[in-house]
Amino acid sequence: MSLEPTGPVYVVVDTETTGGPKWPNRITEVAAVKLVGGEIVDRFTSLVNPGRSIPYRITELTGITNSMVVTAPPMADVLPKLLEFLGDGVFVAHNAPFDRSFINLELGLA
């Protein structure tokens, strides 16, 4: 008998950004949890250097400051790791159109 969770793989994704919607706003943080059989089996998180300043009102909302992201990797470095984490899992998000639009922008699909 296997003790490993089985079932479909869901990846719940959340992004924080410099604002919305889309350009010229950019991702400042991406986080994801992988669920199999309703159990969390893995986690992914990274701050992202957006290449632009974070407006004060966004810092108030997210708690992410310019000093937190200045040494963070750019999305070009984070994106391959995120895509590997997503794998064949089902993309899930509270506000999927928003999160997916920013990821698609980074993929050149927007």
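If you read the sequence from its start, that first residue is 1, and numbering goes on from there. What you see below is based on every heavy atom in this structure, not just the backbone, and it leaves out hydrogens, waters and symmetry mates. These figures come from a predicted structure and were not determined experimentally.
The hydrophobic clustering, which links ILVMFWY residues whose side-chain heavy atoms are closer than 4.5 Å, places V33 and Y10 together. Hydrophobic clustering, with ILVMFWY side chains joined whenever heavy atoms are under 4.5 angstrom apart, groups V9 together with V41. No single ILVMFWY cluster, assembled from side-chain heavy atoms under 4.5 Å apart, contains both V12 and F98. Using a 4.5 Å cut-off between side-chain heavy atoms of Ile, Leu, Val, Met, Phe, Trp and Tyr, with links allowed through other members, L82 and V90 fall into different hydrophobic clusters. Placement of V11 and V36 within a single hydrophobic cluster is found when ILVMFWY residues are connected by side-chain heavy-atom separations under 4.5 Å, directly or transitively.
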Problem - Derivation of the side-chain contact (heavy atoms from CB on, under 4.5 Å) call for V13 and I103 - result: CA-CA 10 Å; V13 177; I103 292 170; 4.1 Å; yes
Exercise for the section: Show your reasoning for whether side-chain contact (heavy atoms from CB on, under 4.5 Å) applies to V30 and F44. Expected result: CA-CA 8 Å; V30 62; F44 176 91; 3.8 Å; yes
Handout entry: Stepwise side-chain contact (heavy atoms from CB on, under 4.5 Å) test for T45 and E29
Key = CA-CA 7 Å; T45 186; E29 182 180 33; 3.7 Å; yes
Problem - Step-by-step side-chain hydrogen bond (donor to acceptor under 3.5 Å, both in side chains) determination, T15 to T17 - result: CA-CA 6 Å; T15 61; T17 68; 6.0 Å; no
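R26 contributes no side-chain N or O that, together with a main-chain N or O of R52, makes up a donor-acceptor pair within less than 3.5 Å. Counting only distance, with no hydrogens or angles, the side chain of N49 and the backbone of V70 share a donor-acceptor pair below 3.5 Å.
One finds the CZ atom of R100 at 14.0 Å from the CG atom of L105 (value rounded to the nearest 0.5 Å). For the atom pair CG of N66 and OG1 of T59, the computed distance is 6.0 Å after rounding to the nearest 0.5 Å. In this structure, CG on L61 lies 12.0 Å from OH on Y56, to the nearest 0.5 angstrom. The distance from atom CG of D99 to atom CZ of F91, rounded to the nearest 0.5 Å, is 5.5 Å. With rounding to the nearest 0.5 Å, the separation of CE in M75 from CD1 in I27 is 4.0 Å.
Note that K34 lies in the cation-pi zone of F85, set by a 6.0 Å cut-off to the ring centre and a 45° limit from the axis.
Put simply, the side chain of N25 reaches to within 4.5 Å of the side chain of F102, judged on heavy atoms. Two residues are said to be in side-chain contact when any heavy atoms from C-beta on lie closer than 4.5 Å; V48 and T28 fail this criterion.
The side chain to side chain donor-acceptor pair (under 3.5 Å) check on E84 picks up nothing, with sequence neighbours excluded.
Through side-chain heavy atoms spaced under 4.5 Å, either directly or across other Ile, Leu, Val, Met, Phe, Trp or Tyr residues, L47 is tied to I54, I58, I64, M68, V69.
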